[in-house]
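These figures come from a predicted structure and were not determined experimentally. Below, chains carry the letters A, B, ... as their sequence lines are ordered, and counting in each starts from 1.
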2 protein chains.
Amino acid sequence: MNEETLQQALRTADNLCTQRGVRFTAQRRRVLELICRAERPIGAYEILDQLRAGAKAAPPTVYRALDFLLEQGFVHKLETLHAFIGCTHPEHPHASQFLICSDCGRVKELEDEAIAGSLRALEDANGFRPKRPVIEVIGTCAHCTHRHTQS
Amino acid sequence: MNEETLQQALRTADNLCTQRGVRFTAQRRRVLELICRAERPIGAYEILDQLRAGAKAAPPTVYRALDFLLEQGFVHKLETLHAFIGCTHPEHPHASQFLICSDCGRVKELEDEAIAGSLRALEDANGFRPKRPVIEVIGTCAHCTHRHTQS
DNA sequence: TCGTTTTCGGAATATTATAACCCCTGGGGA
DNA sequence: TCCCCAGGGGTTATAATATTCCGAAAACGA
(Lines give C-alpha, C1' and ligand atoms only; values in the text may rest on other atoms or scores of the structure.)
Protein backbone atom coordinates (compact mmCIF):
# COMPACT_ATOMS: atom_id res chain seq x y z
CA MET A 1 0.00 0.00 0.00
CA ASN A 2 1.50 3.33 -1.02
CA GLU A 3 1.72 6.36 1.24
CA GLU A 4 -1.32 8.09 -0.18
CA THR A 5 -3.55 5.02 0.03
CA LEU A 6 -2.35 4.49 3.56
CA GLN A 7 -3.24 8.02 4.63
CA GLN A 8 -6.61 7.60 2.99
CA ALA A 9 -7.21 4.34 4.87
CA LEU A 10 -6.31 5.94 8.18
CA ARG A 11 -8.62 8.87 7.52
CA THR A 12 -11.44 6.50 6.61
CA ALA A 13 -10.92 4.55 9.81
CA ASP A 14 -10.87 7.74 11.81
CA ASN A 15 -14.12 8.94 10.25
CA LEU A 16 -15.85 5.61 10.77
CA CYS A 17 -14.82 5.60 14.42
CA THR A 18 -16.24 9.07 14.91
CA GLN A 19 -19.50 8.02 13.25
CA ARG A 20 -19.69 4.94 15.41
CA GLY A 21 -18.77 6.66 18.64
CA VAL A 22 -15.70 4.56 19.31
CA ARG A 23 -12.17 5.73 19.95
CA PHE A 24 -9.44 5.58 17.36
CA THR A 25 -6.58 5.82 19.82
CA ALA A 26 -2.93 6.34 18.93
CA GLN A 27 -2.21 2.70 19.73
CA ARG A 28 -4.92 1.42 17.42
CA ARG A 29 -3.90 3.81 14.71
CA ARG A 30 -0.29 2.68 14.93
CA VAL A 31 -1.24 -0.99 14.64
CA LEU A 32 -3.52 -0.35 11.68
CA GLU A 33 -0.74 1.60 10.03
CA LEU A 34 1.74 -1.25 10.50
CA ILE A 35 -0.70 -3.74 9.02
CA CYS A 36 -1.42 -1.52 6.04
CA ARG A 37 2.25 -0.83 5.39
CA ALA A 38 3.01 -4.53 5.16
CA GLU A 39 2.80 -5.87 1.63
CA ARG A 40 1.67 -9.22 2.98
CA PRO A 41 -0.31 -10.54 5.90
CA ILE A 42 1.53 -9.76 9.09
CA GLY A 43 1.55 -11.76 12.30
CA ALA A 44 0.73 -10.40 15.74
CA TYR A 45 4.28 -10.88 16.95
CA GLU A 46 5.73 -9.14 13.91
CA ILE A 47 3.54 -6.19 14.75
CA LEU A 48 4.75 -6.43 18.32
CA ASP A 49 8.38 -6.36 17.22
CA GLN A 50 7.76 -3.22 15.21
CA LEU A 51 5.92 -1.55 18.07
CA ARG A 52 8.84 -2.39 20.34
CA ALA A 53 11.15 -0.44 18.08
CA GLY A 54 9.42 2.71 19.32
CA ALA A 55 8.26 1.87 22.83
CA LYS A 56 7.75 -0.90 25.30
CA ALA A 57 4.98 -3.31 24.41
CA ALA A 58 3.68 -6.73 25.32
CA PRO A 59 1.41 -9.20 23.51
CA PRO A 60 -1.83 -7.93 25.05
CA THR A 61 -1.12 -4.50 23.62
CA VAL A 62 -1.18 -5.90 20.13
CA TYR A 63 -4.04 -8.31 20.61
CA ARG A 64 -6.22 -5.61 22.14
CA ALA A 65 -5.66 -3.34 19.19
CA LEU A 66 -6.28 -6.23 16.80
CA ASP A 67 -9.55 -7.13 18.52
CA PHE A 68 -10.72 -3.58 18.07
CA LEU A 69 -9.67 -3.36 14.44
CA LEU A 70 -11.32 -6.69 13.66
CA GLU A 71 -14.56 -5.67 15.37
CA GLN A 72 -14.65 -2.45 13.38
CA GLY A 73 -13.90 -4.34 10.19
CA PHE A 74 -10.69 -2.42 9.47
CA VAL A 75 -8.62 -5.55 9.22
CA HIS A 76 -9.21 -9.22 8.50
CA LYS A 77 -7.67 -12.21 10.16
CA LEU A 78 -6.47 -14.99 7.90
CA GLU A 79 -7.09 -18.11 9.93
CA THR A 80 -4.87 -20.34 7.85
CA LEU A 81 -1.89 -18.02 8.31
CA HIS A 82 -2.51 -16.66 11.80
CA ALA A 83 -1.94 -13.27 10.28
CA PHE A 84 -3.73 -10.03 9.53
CA ILE A 85 -4.32 -7.79 6.52
CA GLY A 86 -5.94 -4.43 6.04
CA CYS A 87 -9.47 -4.50 4.71
CA THR A 88 -9.84 -3.02 1.24
CA HIS A 89 -13.32 -1.60 1.84
CA PRO A 90 -14.08 -1.11 5.51
CA GLU A 91 -17.09 1.14 4.88
CA HIS A 92 -19.64 -1.65 4.81
CA PRO A 93 -19.78 -5.03 6.49
CA HIS A 94 -19.07 -7.87 4.15
CA ALA A 95 -18.07 -11.47 3.77
CA SER A 96 -14.90 -11.73 1.78
CA GLN A 97 -13.02 -14.52 0.14
CA PHE A 98 -9.26 -14.64 0.20
CA LEU A 99 -6.93 -16.11 -2.38
CA ILE A 100 -3.65 -16.78 -0.63
CA CYS A 101 -0.55 -17.44 -2.69
CA SER A 102 1.69 -19.85 -0.83
CA ASP A 103 4.50 -18.94 -3.18
CA CYS A 104 4.80 -15.15 -2.91
CA GLY A 105 2.65 -14.77 0.20
CA ARG A 106 0.37 -12.15 -1.29
CA VAL A 107 -3.35 -12.25 -0.68
CA LYS A 108 -6.23 -11.08 -2.83
CA GLU A 109 -9.44 -10.09 -1.11
CA LEU A 110 -12.61 -10.62 -3.10
CA GLU A 111 -16.30 -10.13 -2.61
CA ASP A 112 -17.98 -12.54 -4.92
CA GLU A 113 -21.74 -12.50 -5.05
CA ALA A 114 -22.04 -16.00 -6.52
CA ILE A 115 -20.14 -17.51 -3.61
CA ALA A 116 -22.01 -15.46 -1.05
CA GLY A 117 -25.23 -16.61 -2.68
CA SER A 118 -24.47 -20.31 -2.77
CA LEU A 119 -23.24 -20.13 0.79
CA ARG A 120 -26.49 -18.49 1.83
CA ALA A 121 -28.45 -21.22 0.04
CA LEU A 122 -26.42 -23.87 1.82
CA GLU A 123 -27.01 -22.25 5.18
CA ASP A 124 -30.73 -21.88 4.55
CA ALA A 125 -31.03 -25.50 3.50
CA ASN A 126 -29.48 -26.51 6.80
CA GLY A 127 -31.30 -24.03 8.99
CA PHE A 128 -27.95 -22.60 9.95
CA ARG A 129 -27.52 -18.97 11.07
CA PRO A 130 -24.12 -17.74 10.02
CA LYS A 131 -22.10 -15.35 12.16
CA ARG A 132 -18.72 -15.48 10.56
CA PRO A 133 -17.83 -17.15 7.27
CA VAL A 134 -14.22 -18.06 6.66
CA ILE A 135 -13.31 -18.62 3.04
CA GLU A 136 -9.63 -18.86 2.27
CA VAL A 137 -8.08 -20.63 -0.64
CA ILE A 138 -4.43 -21.52 -0.51
CA GLY A 139 -2.79 -21.94 -3.89
CA THR A 140 -0.63 -20.21 -6.47
CA CYS A 141 -1.45 -16.81 -7.91
CA ALA A 142 -1.41 -16.00 -11.60
CA HIS A 143 1.86 -14.14 -11.32
CA CYS A 144 3.70 -16.99 -9.63
CA THR A 145 2.22 -19.62 -11.93
CA HIS A 146 3.45 -17.63 -14.91
CA ARG A 147 6.87 -17.14 -13.41
CA HIS A 148 7.24 -20.89 -12.95
CA THR A 149 6.15 -21.64 -16.50
CA GLN A 150 8.81 -19.36 -17.92
CA SER A 151 11.73 -20.74 -15.96
CA MET B 1 -20.39 -41.84 15.86
CA ASN B 2 -21.77 -45.15 17.08
CA GLU B 3 -19.70 -48.28 17.56
CA GLU B 4 -20.71 -49.85 14.28
CA THR B 5 -20.00 -46.75 12.22
CA LEU B 6 -16.68 -46.42 13.99
CA GLN B 7 -15.65 -49.98 13.15
CA GLN B 8 -16.72 -49.40 9.58
CA ALA B 9 -14.62 -46.24 9.39
CA LEU B 10 -11.57 -48.03 10.75
CA ARG B 11 -12.01 -50.87 8.26
CA THR B 12 -12.34 -48.38 5.41
CA ALA B 13 -9.17 -46.62 6.49
CA ASP B 14 -7.35 -49.92 6.76
CA ASN B 15 -8.44 -50.95 3.27
CA LEU B 16 -7.49 -47.63 1.75
CA CYS B 17 -4.05 -47.81 3.33
CA THR B 18 -3.50 -51.27 1.91
CA GLN B 19 -4.58 -50.06 -1.54
CA ARG B 20 -2.26 -47.09 -1.28
CA GLY B 21 0.71 -49.01 0.07
CA VAL B 22 0.96 -47.00 3.27
CA ARG B 23 0.97 -48.31 6.82
CA PHE B 24 -2.01 -48.08 9.09
CA THR B 25 -0.05 -48.53 12.30
CA ALA B 26 -1.53 -49.07 15.74
CA GLN B 27 -0.71 -45.50 16.70
CA ARG B 28 -2.46 -44.04 13.68
CA ARG B 29 -5.42 -46.32 14.19
CA ARG B 30 -5.74 -45.27 17.82
CA VAL B 31 -5.68 -41.56 16.97
CA LEU B 32 -8.28 -42.00 14.23
CA GLU B 33 -10.44 -43.92 16.67
CA LEU B 34 -10.24 -41.17 19.29
CA ILE B 35 -11.18 -38.55 16.74
CA CYS B 36 -14.12 -40.58 15.49
CA ARG B 37 -15.37 -41.34 18.99
CA ALA B 38 -15.54 -37.65 19.84
CA GLU B 39 -18.92 -36.10 19.16
CA ARG B 40 -17.25 -32.81 18.38
CA PRO B 41 -14.01 -31.60 16.89
CA ILE B 42 -11.17 -32.59 19.16
CA GLY B 43 -7.89 -30.73 19.71
CA ALA B 44 -4.44 -32.26 19.38
CA TYR B 45 -3.79 -31.91 23.09
CA GLU B 46 -7.09 -33.52 24.00
CA ILE B 47 -6.07 -36.48 21.88
CA LEU B 48 -2.74 -36.44 23.63
CA ASP B 49 -4.39 -36.55 27.06
CA GLN B 50 -6.43 -39.55 26.03
CA LEU B 51 -3.40 -41.33 24.61
CA ARG B 52 -1.60 -40.67 27.87
CA ALA B 53 -4.28 -42.57 29.73
CA GLY B 54 -2.92 -45.73 28.12
CA ALA B 55 0.77 -45.03 27.58
CA LYS B 56 3.43 -42.38 27.53
CA ALA B 57 3.06 -39.88 24.74
CA ALA B 58 4.33 -36.47 23.68
CA PRO B 59 3.06 -33.86 21.22
CA PRO B 60 5.02 -35.15 18.21
CA THR B 61 3.33 -38.52 18.61
CA VAL B 62 -0.05 -36.94 18.04
CA TYR B 63 1.00 -34.49 15.37
CA ARG B 64 2.73 -37.20 13.36
CA ALA B 65 -0.37 -39.34 13.39
CA LEU B 66 -2.51 -36.32 12.50
CA ASP B 67 -0.25 -35.43 9.58
CA PHE B 68 -0.68 -38.92 8.23
CA LEU B 69 -4.45 -38.99 8.70
CA LEU B 70 -4.80 -35.58 7.05
CA GLU B 71 -2.65 -36.62 4.09
CA GLN B 72 -4.75 -39.71 3.60
CA GLY B 73 -7.92 -37.68 3.89
CA PHE B 74 -9.23 -39.64 6.88
CA VAL B 75 -9.66 -36.54 9.00
CA HIS B 76 -10.13 -32.82 8.44
CA LYS B 77 -8.60 -29.96 10.31
CA LEU B 78 -10.87 -27.10 11.26
CA GLU B 79 -8.65 -24.07 11.06
CA THR B 80 -10.92 -21.79 13.02
CA LEU B 81 -11.03 -24.22 15.95
CA HIS B 82 -7.55 -25.73 15.81
CA ALA B 83 -9.30 -29.06 16.03
CA PHE B 84 -9.92 -32.21 14.04
CA ILE B 85 -12.90 -34.28 12.93
CA GLY B 86 -13.28 -37.56 11.11
CA CYS B 87 -14.04 -37.33 7.43
CA THR B 88 -17.45 -38.61 6.49
CA HIS B 89 -16.40 -39.97 3.10
CA PRO B 90 -12.68 -40.61 2.90
CA GLU B 91 -12.92 -42.76 -0.25
CA HIS B 92 -12.52 -39.88 -2.66
CA PRO B 93 -10.67 -36.58 -2.42
CA HIS B 94 -12.99 -33.64 -2.00
CA ALA B 95 -13.36 -30.07 -0.92
CA SER B 96 -15.79 -29.78 1.92
CA GLN B 97 -17.59 -26.97 3.63
CA PHE B 98 -18.10 -26.97 7.35
CA LEU B 99 -20.94 -25.45 9.34
CA ILE B 100 -19.66 -24.97 12.86
CA CYS B 101 -22.14 -24.31 15.65
CA SER B 102 -20.54 -22.05 18.22
CA ASP B 103 -23.30 -22.94 20.64
CA CYS B 104 -23.23 -26.74 20.84
CA GLY B 105 -19.88 -27.18 19.13
CA ARG B 106 -21.10 -29.67 16.56
CA VAL B 107 -19.96 -29.49 12.97
CA LYS B 108 -21.69 -30.49 9.77
CA GLU B 109 -19.53 -31.45 6.83
CA LEU B 110 -21.02 -30.72 3.41
CA GLU B 111 -19.98 -31.12 -0.18
CA ASP B 112 -21.92 -28.57 -2.10
CA GLU B 113 -21.47 -28.47 -5.82
CA ALA B 114 -22.76 -24.90 -6.21
CA ILE B 115 -20.10 -23.57 -3.84
CA ALA B 116 -17.38 -25.67 -5.38
CA GLY B 117 -18.47 -24.33 -8.77
CA SER B 118 -18.54 -20.66 -7.89
CA LEU B 119 -15.22 -21.03 -6.15
CA ARG B 120 -13.76 -22.58 -9.28
CA ALA B 121 -15.14 -19.72 -11.35
CA LEU B 122 -13.60 -17.23 -8.98
CA GLU B 123 -10.23 -18.93 -9.14
CA ASP B 124 -10.33 -19.13 -12.92
CA ALA B 125 -11.22 -15.46 -13.21
CA ASN B 126 -8.16 -14.62 -11.15
CA GLY B 127 -5.80 -17.12 -12.73
CA PHE B 128 -5.38 -18.71 -9.35
CA ARG B 129 -4.45 -22.39 -8.92
CA PRO B 130 -6.04 -23.70 -5.76
CA LYS B 131 -4.29 -26.24 -3.57
CA ARG B 132 -6.37 -26.23 -0.45
CA PRO B 133 -9.70 -24.46 0.01
CA VAL B 134 -10.81 -23.67 3.55
CA ILE B 135 -14.52 -22.99 3.92
CA GLU B 136 -15.81 -22.85 7.46
CA VAL B 137 -18.87 -20.99 8.63
CA ILE B 138 -19.25 -20.22 12.30
CA GLY B 139 -22.81 -19.69 13.44
CA THR B 140 -25.74 -21.36 15.13
CA CYS B 141 -27.18 -24.68 13.98
CA ALA B 142 -30.89 -25.32 13.45
CA HIS B 143 -31.16 -27.27 16.66
CA CYS B 144 -29.64 -24.57 18.84
CA THR B 145 -31.60 -21.78 17.13
CA HIS B 146 -34.80 -23.68 17.83
CA ARG B 147 -33.82 -24.33 21.42
CA HIS B 148 -33.26 -20.61 22.00
CA THR B 149 -36.57 -19.66 20.42
CA GLN B 150 -38.47 -21.96 22.76
CA SER B 151 -36.89 -20.79 26.00
C1' DT C 1 -15.43 17.79 40.09
C1' DC C 2 -16.70 13.11 41.02
C1' DG C 3 -17.60 8.68 39.73
C1' DT C 4 -17.73 5.39 35.99
C1' DT C 5 -16.04 3.23 31.98
C1' DT C 6 -12.61 2.37 28.75
C1' DT C 7 -7.97 1.87 27.64
C1' DC C 8 -3.42 0.61 28.52
C1' DG C 9 1.04 -1.43 30.89
C1' DG C 10 3.03 -5.49 32.23
C1' DA C 11 3.92 -10.18 34.30
C1' DA C 12 2.68 -14.58 34.00
C1' DT C 13 0.75 -18.42 31.81
C1' DA C 14 -2.01 -21.14 28.51
C1' DT C 15 -2.42 -23.29 24.08
C1' DT C 16 -0.91 -24.96 19.69
C1' DA C 17 2.89 -26.68 16.90
C1' DT C 18 7.63 -27.90 15.50
C1' DA C 19 12.77 -29.01 15.72
C1' DA C 20 16.36 -32.02 16.59
C1' DC C 21 18.29 -36.18 17.94
C1' DC C 22 18.39 -40.97 18.58
C1' DC C 23 16.92 -45.70 18.45
C1' DC C 24 14.46 -49.53 16.75
C1' DT C 25 12.39 -52.48 13.52
C1' DG C 26 11.54 -54.71 9.15
C1' DG C 27 12.64 -55.61 4.45
C1' DG C 28 15.87 -55.81 0.42
C1' DG C 29 20.06 -56.83 -1.59
C1' DA C 30 25.24 -58.14 -1.55
C1' DT D 1 24.17 -64.16 6.92
C1' DC D 2 25.19 -59.55 7.19
C1' DC D 3 24.58 -54.91 6.10
C1' DC D 4 22.09 -51.08 5.09
C1' DC D 5 18.53 -47.99 4.99
C1' DA D 6 13.94 -46.06 5.20
C1' DG D 7 10.02 -45.25 7.93
C1' DG D 8 8.08 -44.97 12.38
C1' DG D 9 8.20 -43.50 16.77
C1' DG D 10 10.18 -41.88 21.79
C1' DT D 11 11.95 -37.86 24.12
C1' DT D 12 13.51 -33.27 25.31
C1' DA D 13 13.37 -28.87 24.31
C1' DT D 14 11.65 -24.86 22.19
C1' DA D 15 8.97 -21.95 18.96
C1' DA D 16 4.81 -19.49 17.84
C1' DT D 17 0.34 -17.90 18.94
C1' DA D 18 -2.93 -16.22 22.36
C1' DT D 19 -5.10 -15.18 26.91
C1' DT D 20 -5.73 -14.12 31.95
C1' DC D 21 -5.23 -11.10 35.54
C1' DC D 22 -4.18 -7.09 38.22
C1' DG D 23 -3.79 -2.53 38.67
C1' DA D 24 -2.95 2.33 37.01
C1' DA D 25 -4.05 6.02 33.92
C1' DA D 26 -6.92 8.44 30.79
C1' DA D 27 -11.29 9.81 28.85
C1' DC D 28 -16.04 10.53 29.29
C1' DG D 29 -20.66 11.86 31.33
C1' DA D 30 -23.35 14.00 34.72
Peer 1: So which pairs with a foot in residues 133-145 of chain A pass side-chain hydrogen bond (donor to acceptor under 3.5 Å, both in side chains), sequence neighbours left out?
Peer 2: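 Matches after skipping sequence neighbours: A:T80-A:E136.
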Peer 1: Whole angstroms only, please: what is the CG-C1' distance between B:L81 and C:dT16?
Peer 2: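 Atom CG in B:L81 sits about 13 Å away from atom C1' in C:dT16.
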Peer 1: What does the inter-axis angle of the helix from C:dT1-D:dA30 to C:dA30-D:dT1 come out as, five pairs per end, nearest 10 degrees?
Peer 2: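 So the angle between the two local helix axes works out to 20°.
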Peer 1: In whole angstrom, what separates A:L69's CG from C:dT7's C1'?
Peer 2: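 Nearest whole value for this atom pair: 14 Å.
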Peer 1: Please collect all salt bridge (Lys or Arg N to Asp or Glu O under 4.0 Å) contacts where either partner lies in residues 64-76 of chain B, sequence neighbours excluded, each pair once.
Peer 2: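 Found none.
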Peer 1: Residues two or more places apart in sequence or in another chain: which of them pass side-chain hydrogen bond (donor to acceptor under 3.5 Å, both in side chains) with B:E113?
Peer 2: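 Expected list: B:R120.
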Peer 1: Can you sort out the partners of A:R132 under side-chain hydrogen bond (donor to acceptor under 3.5 Å, both in side chains), two or more places apart, ordered by chain and number?
Peer 2: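 Applying side-chain hydrogen bond (donor to acceptor under 3.5 Å, both in side chains) to A:R132 gives A:E79.
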Peer 1: Taking the nucleotide of DNA chain C with the nearest heavy atom to each, does B:A44 or A:V22 sit closer to the 5' end?
Peer 2: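 First, find each residue's nearest nucleotide; the 5'-ward one identifies A:V22.
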Peer 1: Can you sort out the partners of A:K77 under side-chain hydrogen bond (donor to acceptor under 3.5 Å, both in side chains), two or more places apart, ordered by chain and number?
Peer 2: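 A:K77 satisfies side-chain hydrogen bond (donor to acceptor under 3.5 Å, both in side chains) with no other residue.
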Peer 1: Reading DNA chain D 5' to 3', which nucleotide is the first, and which the last, to come under 4.0 Å of any heavy atom in chain A?
Peer 2: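 It runs D:dT17 to D:dA27.
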Peer 1: Which pairs, with at least one residue in residues 93-111 of chain B and sequence neighbours excluded, count as a salt bridge (Lys or Arg N to Asp or Glu O under 4.0 Å)?
Peer 2: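 Every pair satisfying salt bridge (Lys or Arg N to Asp or Glu O under 4.0 Å) with a residue in residues 93-111 of chain B: B:E39-B:R106, B:D103-B:R147.
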Peer 1: Find every protein N or O atom lying less than 3.5 Å from an N or O atom of nucleotides 18-29 of chain C, and list the pairs.
Peer 2:
none

Peer 1: Could you give me the CA-CA distance, side-chain angles and deciding distance for A:E33 and A:R37, then say whether salt bridge (Lys or Arg N to Asp or Glu O under 4.0 Å) is met?
Peer 2: CA-CA 6 Å; A:E33 183 176 344; A:R37 281 193 191 282; 2.9 Å; yes
Peer 1: Specify the separation, in whole Å, of atom CG of A:L66 and atom P of C:dC8.
Peer 2: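 Distance check: A:L66 CG to C:dC8 P gives 12 Å.
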Peer 1: Rounded to whole angstroms, how far apart are CD on B:E46 and C1' on C:dA14?
Peer 2: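 About 14 Å, once rounded to whole Å.
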Peer 1: How long is the line joining CZ of A:F68 and C1' of C:dC8, in whole Å?
Peer 2: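 Nearest whole value for this atom pair: 14 Å.
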Peer 1: Mind calculating the distance between CZ (A:R28) and C1' (C:dG9) to the nearest angstrom?
Peer 2: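 Going from A:R28 (CZ) to C:dG9 (C1'), I get 15 Å.
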Peer 1: Determine which pairs satisfy salt bridge (Lys or Arg N to Asp or Glu O under 4.0 Å) with at least one residue from residues 86-100 of chain B, sequence neighbours left out, and list them in order.
Peer 2: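 Sorted pair list comes back empty.
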Peer 1: With rounding to the nearest 0.5 Å, note down the distance linking CD1 in A:I138 to CG in A:L81.
Peer 2: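 Separation between the atoms: 6.5 Å.
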Peer 1: Output yes when at least one side-chain N/O atom of B:H82 is less than 4.0 Å from OP1 or OP2 of C:dT15, else no.
Peer 2: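 The answer is no; no side-chain N or O of B:H82 sits under 4.0 Å from OP1 or OP2.
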Peer 1: Under the side-chain hydrogen bond (donor to acceptor under 3.5 Å, both in side chains) rule, collect the residues that match up with A:Q27, sequence neighbours excluded.
Peer 2: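 For A:Q27 there are no side-chain hydrogen bond (donor to acceptor under 3.5 Å, both in side chains) partners, ignoring immediate neighbours.
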Peer 1: Please identify each residue that fulfils ring-ring contact (aromatic ring centres under 6.0 Å, His included) with B:H94, with sequence neighbours left out.
Peer 2: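 Only B:H76, B:H89, B:H92 meet the ring-ring contact (aromatic ring centres under 6.0 Å, His included) criterion with B:H94.
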Peer 1: Would you say A:T61 reaches C:dG10's phosphate, i.e. side-chain N/O to OP1/OP2 under 4.0 Å?
Peer 2: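 For C:dG10, OP1/OP2 do not have a side-chain N/O of A:T61 under 4.0 Å.
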Peer 1: Using atom CG of A:L48 as one end and atom C1' of C:dG9 as the other, report the distance to the nearest whole Å.
Peer 2: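 Rounding to the nearest Å, CG of A:L48 and C1' of C:dG9 are 13 Å apart.
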